[in-house]
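Quantities reported herein were computed from a predicted structural model and do not represent experimental measurements. First the proteins, then the strands, lettered A, B, ... as listed; each starts at 1.
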Amino acid sequence: MPFGNSHNTLKMKFSSEQEFPDLSKHNNHMAKVLTPALYEKLRSKQTPSGFTLDDVIQTGVDNPGHPFIMTVGCVAGDEETYEVFKELLDPVIQDRHGGYKPTDKHKTDLNPSNLKGGDDLDANYVLSSRVRTGRSVRGFCLPPHCSRGERRAVEKLSVEALGALTGDLKGKYYALKNMTEAEQQQLIDDHFLFDKPVSPLLLASGMARDWPDARGIWHNDNKTFLVWVNEEDHLRVISMQKGGNMKEVFNRFCTGLTKIEELFKNKGHAFMWNEHLGYVLTCPSNLGTGLRAGVHVKLPNLSKYRQFEEILKRLRLQKRGTGGVDTAAVGGVFDISNADRLGFSEVELVQMVVDGVKLLVEMEKRLEKGQAIEDLMPAQK
Amino acid sequence: MASSFARILSSKRKVGILSLVGAGSLTVGFFLNREQHVNAGAHVRRIYPASAEYPDLRKHNNCMASHLTPAVYAKLCDKTTPNGYTLDLAIQTGVDNPGHPFIKTVGMVAGDEESYEVFADIFNPVIKERHNGYDPCNMKHPTDLDSSKIRGGQFDEKYVLSSRVRTGRSIRGLSLPPACTRAERREVERVVIDALAGLKGDLAGKYYSLTLMTEQEQQQLIDDHFLFDKPVSPLLTCAGMARDWPDARGIWHNNEKTFLVWVNEEDHTRVISMEKGGNMKRVFERFCKGLQEVERLIQEKGWEFMWNERLGYILTCPSNLGTGLRAGVHVTLPRLSKDPRFPKILDNLRLQKRGTGGVDTAAVGNTFDISNLDRLGQSEVQLVQTVIDGVNYLIECEKKLERGQDIKIPAPISQFK
């Protein structure tokens with residue numbers, strides 16, 4: 001909760017043992033790492049804006065998790081959270097991001113000409129291509145912790161910056177609270193509109209406070225570049241189009257992001273970034289690139305192949321239903337995207353998706369014809 | 001463990017003792033002392049001016065939104081209670097839940113006893129609106145748990161299927177559910193179940209912790225309609241009451257299943273006395289006896305309930321101040337409920353109807369939940385008497401309609417006695 005930090009002083013009157021949460025039934029990254037000793041060590045600390053340990057872990061305490069899915073169970077309230085509570089967050093990050101060490105460096109590469117190929121994914125199978133990431137504006141608290149004043153300032157800044165985009169990136173902002181019925185319906189039809197979060201994972205962290213104040217959607221006139229303002233992160237940036245031209249999608253993504261960053265810098269604001277964690281976002285799972293590059297692809301035969309999961313794992317890809325995370329595939333159409341976020345650059349991750357999807361389509365075509373695909377089995381990336 | 005709580009309590013005790021000194025001439029002194037005490041909270045650190053932080057309440061229809069002007073917000077937004085509770089925390093639920101065009105919700109909660117003092121400039125008008133004109137600035141709330149004063153109270157069981165009285169109690173010195181830390185919540189649980197364990201005779205019973213209960217115990221509690229679950233209403237979750245669920249939550253009931261206490265749900269405790277049939281007098285007797293026993297038992301250990309003469313019993317939601325009491329029956333009124341004068345009759349009797357599932361449910365068959373409208377400004381005895389007299393009148397109307405006779409709308413009864 002924002003700025004009510006004197007409550008942490010109250011807590012210090014009780015012993016660490018009295019305050020330590022009951023995590024006996026929990027299965028999330030935070031619960032695995034947070035021992036009573038660590039809780040005792042960190043509970044008196046706070047970030048300069050007043051975010052405390054209990055604020056970081058509340059979502060993980062309130063949501064024990066799923067026996068099969070390992071959620072993160074903690075969030076950042078500002079950029080400094082990752083520093084002040086590093087003894088908790090470094091092991092969580094290491095566990096979540098495949099062994100990424102506190103001393104590792106993350107490489108950022110948003111030069112789209114470094115991507116090889118990606119313009120020729122077979123449109124008979126690849127129905128659409130999309131790349132998304134997030135950005136946080138340095139100097140402002142993140143959604144779990146920001147006050148209304150801060151959130152509005154982030155919105156104002158973002159709308160001004162986006163308003164200066166030109167050419168095929170030129171577009172318009174739709175504030176959630178001012179939207180007309182007609183605008184709302186159009187955004188729903190375009191599959192652009194986001195709604196107040198319902199997931200208890202998000203609600204418990206305080207991100208949905210004051211909804212829909214200072215939330216909105218910006219998109220370009222061509223409807224291929226979209227920015228969400230003040231949903232789970234300050235900004236979520238999405239580039240997408242129908243068909244299999246991932247190269248074009250990624251080109252626009254990089255160009256757009258770079259331009260937006262420049263426009264923010266002109267106003268004296270940088271994005272939160274450092275060479276260890278890359279781009280800093282609310283959820284530790286989105287650190288590094290915060291990038292999910294994916295396609296909707298028809299794989300009715302391959303998805304029934306006994307080694308489908310293994311193939312995806314080796315290609316460092318994950319599957320979701322076409323409704324997004326936690327949905328089921330419909331009609332043999334899957335959302336296939338990169339599994340990693342941190343420790344690989346943007347170009348490297350999109351390359352994995354491009355190369356991987358190419359291979360998956362090839363396998364699908366073979367299986368259609370009743371041919372074997374063992375010789376196509378990839379090595380672990 | 002006890003020593004840290006004793007220290008906190010000793011500062012709260014001074015406040016409590018001051019609040020029990022009732023004479024009018026001491027009121028000014030009381031408030032002066034209060035002011036000195038409750039300004040002890042640290043100031044809120046702000047980057048933006050109040051005008052940049054003021055919530056957008058244009059689409060809102062709740063009591064908080066009706067009274068939180070930019071001026072009041074600016075006056076209060078930097079203050080905290082001694083525990084660190086802020087205005088933004090108090091109003092968050094009302095900002096997040098604009099309300100319903102037809103139902104006016106309260107839109108704010110208290111995080112501790114001092115919230116009602118530190119943020120009095122917004123709580124007082126909200127209380128006045130919600131409690132039909134009760135003015136905390138110049139009125140006193142009467143508390144009366146002497147059940148021997150009740151006249152009548154045995155309803156015709158051809159019509160009344162069950163009788164129930166509920167209220168809440170808060171433990172002075174510990175923060176309320178929207179703001180409490182895990183340690184405070186666990187201490188509430190400990191203090192309360194310790195006291196309940198001292199109940200004897202027809203009040204002797206057992207505690208079922210939500211974290212430890214077995215599948216079997218859970219099923220039994222569901223079958224008895226006793227089990228409460230994690231709140232789903234955004235009105236409650238946005239206020240932070242469901243944090244750390246189900247830690248330190250539980251249900252206690254006596255062996256006879258007629259006296260029930262919820263621990264750490266929306267309030268520190270919710271106390272319920274109920275039975276099948278129409279013996280409201282006995283339900284209320286047990287209610288008073290149980291409450292007074294529990295109070296005696298916690299006082300033996302140096303604790304007390306949050307109470308003051310301005311607001312009565314202090315609970316999380318301003319709508320439950322005063323008595324926090326809802327006394328009601330499930331009653332079948334097939335003819336009266338179809339009479340167009342029914343709502344007006346209820347209104348004049350200062351009663352409200354709900355479906356038998358509780359607030360926001362519809363009636364099933366012709367059975368209604370009828371209970372008192374008011375909470376603050378009248379005593380427990382007065383409110384239960386109102387329900388007894390009112391329900392008897394409704395039954396008389398039903399009987400008259402059965403006989404083909406006409407009924408009369410009663411004169412409106414006075415609100416503050």
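Within a 6.0 Å sphere centred on NZ of A/Lys41, heavy atoms belonging to other residues, nucleotides or ligands number 12 at most. More than 12 heavy atoms of other shown residues, nucleotides or ligands fall within 6.0 angstrom of atom NZ in B/Lys104.
Of the listed residues (A/Ala204, A/Ala208, A/Gly149), the one with the most heavy-atom contacts under 4.5 Å to chain B is A/Gly149. Your options are B/Ala52, B/Ser51, B/Pro55, B/Pro98, and the one with the most heavy-atom pairs under 4.5 Å with chain A is B/Pro55.
When all heavy atoms are compared, the tightest approach of A/Gln18 to B/Arg186 is O-NH1, 2.6 Å. Nearest heavy atom pair, residue A/Glu150 against residue B/Glu53, reads N-OE2, 4.4 Å. Closest of all the heavy-atom pairs between A/Asp62 and B/Trp245 is OD1-N, 4.1 Å. For the residue pair A/Tyr39 and B/Arg182, the shortest heavy atom distance occurs at OH-NH2, 3.1 Å.
Heavy atoms closer than 4.5 Å to chain A are found nowhere in B/Arg185, neither backbone nor side chain. Proximity to chain B is limited to the side chain of A/Lys25, based on heavy atoms less than 4.5 angstrom apart. Heavy-atom distances place the side chain of B/Ser175, and not its backbone, under 4.5 Å from chain A. Proximity to chain B (any heavy atom under 4.5 Å) is restricted, for A/Asp54, to the side chain, taken from C-beta onward. The part of A/Asp213 that comes within reach of chain B is its side chain, from C-beta onward, which places non-hydrogen atoms under 4.5 angstrom from that chain. When heavy atoms are compared at a cutoff of 4.5 Å, B/Leu57 does not approach chain A at all. For B/Ala179, no part lies near chain A; criterion is any non-hydrogen pair under 4.5 Å.
Taking A/Arg151 as the reference, A/Asp210 meet the salt bridge (charged side-chain N to carboxylate O under 4.0 Å, His left out) condition, with sequence neighbours excluded. Residues forming a salt bridge (charged side-chain N to carboxylate O under 4.0 Å, His left out) with A/Lys267 (at least two apart in sequence, or on another chain): A/Glu160.
The line from CD1 of B/Ile47 to SG of A/Cys146 is 11.0 Å long, rounded to the nearest 0.5 Å. Atom OG1 of residue B/Thr181 and atom CE of residue A/Met12 lie 11.5 Å apart, to the nearest 0.5 angstrom. The line from NZ of A/Lys11 to CD of B/Glu184 is 10.0 Å long, rounded to the nearest 0.5 Å.
Counting only distance, with no hydrogens or angles, the side chain of A/Glu19 and the backbone of B/Ala183 share a donor-acceptor pair below 3.5 Å.
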query = Are A/Ser24 and B/Thr211 close enough, and set up right, to give a side chain to side chain contact (heavy atoms under 4.5 Å, CB included), and what steps lead you there?
reply = CA-CA 10 Å; A/Ser24 51; B/Thr211 47; over 6 Å; no
query = Please walk me through it: do B/Asp56 and A/Arg148 pass side chain to side chain contact (heavy atoms under 4.5 Å, CB included)?
reply = CA-CA 10 Å; B/Asp56 183 349; A/Arg148 281 180 293 272; over 6 Å; no
